[in-house]
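Following: one structure in structure tokens, then a few remarks.
What you see is a predicted model; the values in this text were computed from it and never measured. Indexing begins at 1, ligand by ligand and atom by atom, following the structure's order. We use all heavy atoms of the structure for the numbers below, so side chains are in, but hydrogens, waters and symmetry mates are not.
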Amino acid sequence: MRASGIVIAIDGPAGVGKSTVGKMVAKRIGYSFISTGKMYRALAWKALANGLGLEDDEKLVALARSLRWEFPKGAGPEADVSLDGKVLALELSEESVSRASSSIAKLPGVRLFMKDMQRQAGLSGGVVMEGRDIGTNVFPDAELKIYLDASPEARAKRRVGQLKEQGMPADHAQILDFIVKRDAQDSGRKNNPLRKADDAHYLDSTSVPRDQVVEAIVELFKAAVK
Ligand code: DC
């Protein structure tokens, strides 16, 4: 066991509910929660704002290094990342940012920067961390690994619901298309692609209510810390 508890890694494809489930689990067991997708999204947002090329690994790493990264808790409903004091929330959900984040996530320098920051944030434990490569690359030594899956159809349906709740436009067919493309990009890349770690528990949430998924992870947690 680490100083503050274990590391719980939750990986899985886009829109599967890793953040919602991860936050609920963290709250139940008194752990902190870190969304690594938000980190990629924040850098992508800043790169778009600065008009930086999304293929330029060196410039993107220099930009990432020049920023003051903070992870404020409870700063807003969706605010978990702030850059140079600016809290980023809804802007990170925009489709252009989703696409750009998946694109910069291919670059080895960007990935290394993120991995260092993520390891630093989780090293002492007591943390639920979600992403694509947490169990395989960032914390291959995580004490509990979950691979959360659901059909693309189910994920698109949930995403439409989320967007509508936020008062944003949502077209099911278009969102399904985005999800399928992002899956292909995140699983097909050379550097730390999305895949289930051999020792991860596979949970398919296609037709399982969210509360039940949370319950299953809390039970796995209890067994892991026994
Ligand atoms: O989980 P998300 O949709 O917020 O993530 C945005 C993008 O960031 C995703 O398409 C791929 C990338 N990502 C990654 O490559 N590795 C992670 N650990 C988290 C996210």
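Contact annotation: Arg189 has at least one heavy atom less than 4.0 Å from an atom of ligand 1. Using a 4.0 Å heavy-atom cutoff, Met39 is absent from the residues neighbouring ligand 1.
Annotation for ligand 1: atoms under 4.0 Å from non-hydrogen atoms of Asp133 are 16 (N), 17 (C), 18 (N). Heavy-atom proximity to Ala105, at under 4.0 Å, picks out these atoms of ligand 1: 12 (C), 15 (O). Of all atoms in ligand 1, listed by their number and element, those nearer than 4.0 Å to a heavy atom of Ser101 are 6 (C), 7 (C). Every atom of ligand 1 is numbered from 1 in the order shown, and the set under 4.0 Å from a heavy atom of Ser102 is 10 (O).
Linking Ile, Leu, Val, Met, Phe, Trp and Tyr whenever their side-chain heavy atoms come within less than 4.5 Å puts Met39 and Val61 in one cluster. No continuous path of ILVMFWY side-chain contacts below 4.5 Å connects Phe33 to Tyr147, so the two sit in separate hydrophobic clusters. Under a hydrophobic-cluster definition in which Ile, Leu, Val, Met, Phe, Trp and Tyr are linked whenever side-chain heavy atoms come within less than 4.5 Å, directly or via other members, Phe113 and Leu92 are assigned to the same cluster.
For atom 8 (O) of ligand 1, the closest non-hydrogen atom of the protein is Tyr40 CB, 3.5 Å. Here the protein heavy atom with the shortest distance to atom 1 (O) of ligand 1 is Arg132 NH1, 2.7 Å. Ranking protein heavy atoms by distance to atom 19 (C) of ligand 1, first place goes to Thr36 OG1, 3.3 Å. For atom 16 (N) of ligand 1, the nearest non-hydrogen atom of the protein is Arg111 NH2, 3.1 Å.
When the heavy-atom distances from atom 4 (O) of ligand 1 to Arg41, Arg99, Lys38 are ranked, the shortest goes to Arg41.
Donor-acceptor pairing under 3.5 Å is recorded for the side chains of Ser19 and Glu130. Donor-acceptor pairing under 3.5 Å is lacking for the side chains of Asn192 and Thr136. With no hydrogens or angles considered, a side-chain donor-acceptor pair links Gln162 and Arg159 at under 3.5 Å. No donor-acceptor contact under 3.5 angstrom links the side chains of Arg195 and Ser187, judged on distance only.
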*Between Met129 and Arg119, is a side chain to side chain contact (heavy atoms under 4.5 Å, CB included) present by the stated rule, with each step listed?*
CA-CA 10 Å; Met129 192 176 283; Arg119 274 201 70 85; over 6 Å; no

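Looking at ligand 1, you'll find an N or O of Asp186 within less than 3.5 Å of one of its N or O atoms.
Applying side chain to side chain contact (heavy atoms under 4.5 Å, CB included) to Arg132 and the options Leu194, Val138, Asn137 leaves one that passes, Leu194.
Neither the backbone nor the side chain of Gln118 has any atom closer than 4.0 Å to an atom of ligand 1 (non-hydrogen atoms only).
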